[in-house]
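Structure first, commentary second.
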Amino acid sequence: MTVKWIGKRTLMGVGTLLIVSFLSFFIMHAAPGDSAIAFYGGDAQTLNTAEKERISRVFALDRPLISQYGAWLKETVKGNLGFSYKEGRPVATILLERLPNTLMLFGVTLVFIISGSLWLGISAGMKPGSLLDKSISTISVMSSAVPPFWVGILFIAFFSVKLGILPSSGSGDIGGNGGLVDKLRHLIMPAMVIIITHVGIYARFLQESVKVESQNYYVTVARANGVKEKTIRHGIVRNALIPYLNYLGMTIPSFFGGSIIIESLFSWSGLGQLMVKSVTMKDFPLLMGGILLTGVIVIVSLLIIDFIMYVLNPKLRRGGVQ
Amino acid sequence: MKSSKVLVFWGIILSLIIIMTIFSQFLSPYSPNEMNMDAIYQPPGQDHLLGTDHLGRDVESRLLEGGKVTLIVAGSSVLLSLVIGVLYGGISGYIGGIIDTVMMRFLEALLTIPSLIIILAFQMFMKGDIWSMAFIIGITSWLTTARIVRSEFIRLKDLEFVKMAKMLGTPIVRILFGHLLRNSIPAIFVVTLFGFANAIFMEVTLGFLGIGVPPEIPSWGNMLYHAQNDILIGAWWIGLFPGILIFITILAINFIGDGLKSPKRRRLDA
Amino acid sequence: MLNIDCLTVPIDGRCIIENSSFQVPEGKITSIIGESGSGKSMTVSAILGIMPPGAKVTGKVYFQGNDLIELPMNELMAIRKNSIFTVFQDATNSFNPTVKMEPQLYAFSGERKEDTLSHFRLKMERILQSLGLDVTILEQYPFELSGGMLQRCMNACALYVEPDLLIADEPTSSLDKVLQKEFIGLLKQLNEEKGTTVLLITHDLDIVVDAAHEVVVMYGGKVVETGSVTETITSPKHSYTKLLLASRF
Amino acid sequence: SKVGEPGAKVKENRLVYASESEFEGLNPILEETNLDALLFRGLMRFDENNEPIEDIAESFTVSPDQLTYTFVLKKDIKFHDGTLLSSDDVIFTIKSILDDENASFLKSDFTVVDSLKKVDEQTLELKLRQPFTPILDKLTVPILPENAFEKGSMRTSNFNSHPIGVGPYMFEKWDRGNSLTLKAYNDFHGTKPSIEKVIFKFIPDSNVRALQLKSGEVDIALLDPVQVQAFEKEQNVKIYNVDSADYRAILFNMRKDLWKDVKVRHAFSYATDRSQIVKGILKGYGTEAYSPLQKHAYKNKNIEMFEYNIEKAKELLDNADWKEGKDGFRYKDGEKLAFTITAPVSDSVRVNLANYAAEGFKEIGADVKVDALDWGSITIEEADAFMVGWGSPYDADHHTYILFNTDESSLTSTGYNFGGYSNPKIDALLEQGRLSTDVEERKAIYMEFQKELALDPPYDFLAYVNAVFGINKNVSGVKERTLGHHGSGFLWNVEEWSWNDR
Amino acid sequence: MLLTVSDVSKSYRKGQPVLHNIDVTVGAEEIVGLVGESGSGKSTLARLIMQLEPTESGCIVFDGLPITKRSKKEFYKKCQIIFQNASSALNPSWTVREILMEPLRSQKMDREQHIQKMLGNVGLSKQHLNQRPSELSGGERQRVNLLRSILVNPKLLICDEIVSDLDRLIQREIVDLLLELNRTTGMAILFISHDLQIVEYLCNRIYVMKNGEIIDESSKIENEFEFSSSYSKKLFGK
Ligand SMILES: Nc1ncnc2c1ncn2[C@@H]1O[C@H](COP(=O)(O)OP(=O)(O)OP(=O)(O)O)[C@@H](O)[C@H]1O
Ligand SMILES: Nc1ncnc2c1ncn2[C@@H]1O[C@H](COP(=O)(O)OP(=O)(O)OP(=O)(O)O)[C@@H](O)[C@H]1O
Ligand SMILES: [Mg+2]
Ligand SMILES: [Mg+2]
């Protein structure tokens, strides 16, 4: 049953990826603007019609869209993501350079956001009306009401310029060979900013669902019959996690969108920055590769989340009708 | 009881902000675009209550006028995303089956592409006015609403009163609106309010990327965008005030959304 | 054993229970009957101290000499754990939907009495069988069982725990006649053999006549009549009781 | 650097440059980067006065008909990989630029080249289709080593990420998204570099660049005009306010009816308050502009400078039949005096300029809007008006012929005449300036050209913007020269720079 | 026969049939009872008849015609169900008036008046019209439910344990109302319950279910039912 479920979900994931590629390909191409100009970036002013046509021809941008997509898909299925227009290097190489950084930032922030929000959300939700409960609901809203880039600039001004204890940009020391400690030092600030501005909302969400779950009849019944508090809490958390995970799954993609700004502020060379750049330059092969890669990351995360939900929710596992 | 007091308090705050921005024309001492190269970076004081910015424009006037823009962008984009989300999620949830599966995969796919990327791709639409900005934010932010509406519809669809309605021959439109939509309102309301806060952020974020509303139109977003340069110079007032207003507005919306969610609004079947 | 004095419960300005007093004598089966919505379940909630938000409780609820309403939370919890077991009215919603029956039943019964899991299994299997349930239900989830089955699971826990005071709110409402009889039989047996005091809420007069010693009649949030079963059945005083008795099929 | 990086303990002999953006590749004929001067050298090179002088070329001769150039190369110039540079490499470089497959952005510079001939390893002959004095400027193009390229497109070559040149610094390491390190090349044919390493650190955010300059994490950064003030008190940073030939102007798109009447163009030129722009937006780091050759030796001071004059502007509009309506805006045949200035969003100074100008035009009854768009979304030929930035410190022909000649329309030729500007007199002058070889004659031609241009303006010139760099106080050897766009070329003599304290 | 269920089977999970080979008929103007062990499949059968779930095998014929997708609409005009849980069958955000208007949507008559006239039949008063389901007592809700179904003028009404959670007095009221309706409008009723006294009081014929099968059937003869199987005998204490 479980194996079958995973198989089915994986297949669906592949289908989703296909839709993602199709959509992004057409959205990007349908987007107004001339790819030849975009291609020239800062030199765009020194570009005339003849040049534009020439560039379009070189990159086969003058072929019909559907055949371009077909060609792209064929290459991609073969495991070849093509060459970046701008850099001329294989897309896969470029992406792989960025991937570790992105996974690191994504992974670290996600781990802290999840563990932080679990801890805060559960402890606050279990004591409705307590000081902790009230302060978490207020502080979480407050923390999520400050724009992340503001927090970032303040952090730089304080930790880098004033105290001089943390490097303000980059994903590794420029002179060194990029050891792990060095990497982590660079990671602290961008990760902190994302965590601080996000953890509140998730904690809040969990807190709410813990509270709602605690109001359930079965909790009252268990309490009234002297069931151990530990057992009761265990059951509540288990059920409260389901909507929480659902929400987490729904918002994971926005991590990539949201982190773009943080990445550019801290010059953290991740996929988000790369994608923004490739959109503005209309570097389609790179962009498609980037979207596909984030797509894989997102879909794998969703798969993991769905799997946890599947384990937590016997209704899904038993294939019963709701 | 207590929560309703909170509701009233934040409701008043929010309406104050809205009223202030609506009547910005009468309240602001200068025209929001009036530039004065002799009065650049003036700290808050006599002539300019909240100081001036890098083009010598009055921060207070821009703040009021900008609020209008930001709130219009946020408000109408939320409205748009609400309409799309309700329709999409409603259809998907109500019809179910293979159509639902396909629609949900499609939605998942859209969810996977960071919306900022889509917005960047379509920034051409932003040319000109704030409505196109609202449009573009709206069209990229309906996904959560759609998911929520869908799950609400799926939940409600199985309830007996909906089954009864089908048996009573109630027309489908009435089932959709009268039974399903009307009972999803609490849930939709909450996501919509959070969506409002999100839209303000999106406006700010786009401002940060330099692709927000046109530069001659003031908005909290592009004020904040410029203000990041001003921090270094020490012109704290340019960023502080829009920052505070965004903060308070989002806070107000959050608490209102919350207040409406938590009281005993739960249905008897819940 | 249980002595309720002048119990009043208002919620949001509306009196759900008004000035009600009655007693549950030790070692007896006392039954509450009454109109639906008259406050029977709310009385149980008041006894256990699990009121919905916004509700206030005034009056006294003496249990073994302690006023439960005044009692600090930890002592109340100790009493709930050691002396009282309650079968709630809504059996379908009394279990955590995502946990299998076995750990849940263990938490309700075995764990309370600090029995080992294997000891629990042995005893529980016997009880389940006596209630016409298969042991395989232990491996199932609540949503896979019908309402009647879940009700019997709760009843099984009550029989397992053998508490000093058993409160049972409509314990047989989803059971058919045969199973109903069987459970009432076991209840009487428990009362007779272990001396368990029982507070039984039901709308089935046959059960009252069959099982209870004492009866309390509630109507519109008030206790309108108390007395021994035989007395009340033969010569009802309050007009509602009269009506109720007259309306047998 | 005071931030606790490993290098902080021993002050390393290295220079960290805060780079605004990361490059996609380092092939100088595919993309222009500020590393080019460090990694590569060309036949010619601009000196302190922006005159082309020999670099790789030992000497050259020009045929009397001005069509054939013969270059003799210096001996023993070695590429960073040790191979000798020969005339084959020069020919290869120019041919690659002309090869459509490579889509080089430099192609239009060399379309006048008719043929290239190798005479021997050290000598080559370049033939032009027509006389073209500025060809020497163009030949400052970096020379690429032919045998470093595999077969196939240059676009996907490994060279682009591991470049080889003959410049004073050679490629060492490229940590993508983070930094790029160059190290001194000891076989360099010019002055041997003193600083061991030059590191380009990619910091897209201008604030962060400034903050890092403050904290000492970087040694050089280009500053926004508004940021400079904050550094004036700073002990460790020296400000270099470098003159540049880089001007900003509002391009009138002559395809729009509005600009057909020269009175209207004049009116808007008069309605531009340039002194306020320099003072307010550029914070004094710039000069008021009135001519495209203002930073050139051929500058003409005796032309119309469009001194700010609202009354005159109004009068001109009145004469052009744009009459003021009740709402304060002007109308002609029921049409409102309105247009939009398009500006690239990535350039905040241009956006600010557009904004300020637009606001100022309201005073003469024009309803002017600003569109700040991404480069990819801008089609200059379709805009009403565009905020251009041109200006070259080099030959007078450089940023004039391709901009204002009728035949250089961006739509039909390889030129950059975006606005479809056409004036027979200007055409003739530009043509003469190109063909003439006599310095005095050329000067006269370009003086006349500037005068004529003011009478029939293609642009509303706003200001020349200086490049303001903040540099660590201990770096010496910086030589200022008039710079090109966006402070490019500031590192032109980096091999002569050195640290005082290391 | 008004309703003929022949040879219907159903299982939710493979190999565990909930219903097998069920044959049930309801004649015109007949009141039929359906009793049986808890979990024996009574509610499932009711849902199958109402086409709320697909049958696995067998067929259901109403008024001489098998019910298909296309005839479903017509079928619902003649056959109605009342679920056990009265509250969840009413839209919580509608008033009683709106709820009662629902079946009358397409009718041209003065609907308000019609409803007011009918209210009395189920013992509700005009003031209830403006209340919402949450403001009604359980008994009242069940009556609103009943009234709504009756407004359709069905030929057959299926009642799934509609009185189990109510007290005797309210039970009595509702049962008497059903009898009255049967007498005046000739509406047939399939009454599912485990309350034997009510079934015996109300029905002309009774089916007994156990383990997903109909194990017994008996008609009322001189106010008495005759059962053959041992389970039914035990159930009815005979
Ligand atoms: N949380 C609550 N808030 C407000 N009113 C409530 C709440 N819970 C119950 N009531 C009301 O209190 C009254 C008594 O409810 P209770 O559940 O005690 O009735 P009951 O006698 O147990 O009825 P039944 O036989 O139907 O179970 C009802 O009118 C009910 O509507
Ligand atoms: N959705 C479902 N999924 C799986 N099993 C189900 C489902 N619905 C019902 N069942 C099973 O089908 C059997 C019959 O259920 P049904 O609800 O028809 O019983 P019933 O006769 O109405 O019982 P009761 O008197 O308790 O209401 C039960 O064993 C139940 O567990
Ligand atoms: Mg009750
Ligand atoms: Mg049932």
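As the structure is a prediction and not an experimental result, all values here were calculated from the model.
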* Would you call C/Arg112 and A/Asn225 a side-chain contact if the rule is heavy atoms closer than 4.5 Å? -> yes

* Heavy-atom check, side chain of C/Arg80 versus side chain of A/Arg223, under 4.5 Å -> yes

* Structure fact -> Max heavy-atom pairs within cutoff under 4.5 Å with chain C, candidates A/Val227, A/Thr220, A/Val219, A/Ile236, goes to A/Val227

* Where is the tightest heavy-atom contact between C/Glu111 and A/Thr231, given as atom of each residue plus distance? -> OE1-OG1, 3.5 Å

* To do: Heavy atoms only: give me the nearest A/Ala224-C/Ile50 pair and the separation to one decimal.
  => CB-CD1, 4.0 Å

* Quick one: are C/Asn93 and A/Tyr218 in side-chain contact, heavy atoms under 4.5 Å? -> no

* Taking atom OH of A/Tyr217 as the centre, report whether more than 12 heavy atoms of other residues, nucleotides or ligands fall under 6.0 Å from it. => yes

* Toward chain A, the part of C/Pro163 with a non-hydrogen atom under 4.5 Å -> neither

* To do: Taking atom types as modelled, find out whether A/Asn239 and C/Asn96 have a side-chain donor-acceptor pair closer than 3.5 angstrom.
  => yes

* In terms of heavy-atom proximity below 4.5 Å to chain A, should C/Phe85 be classed as side chain, backbone, both, or neither? -> both

* To do: Can you establish whether the number of heavy atoms outside C/Lys28 located under 6.0 Å from its atom NZ is more than 12?
  => no

* To do: Answer whether the closest heavy-atom distance between the side chains of C/Phe108 and A/Val221 falls below 4.5 Å.
  => yes

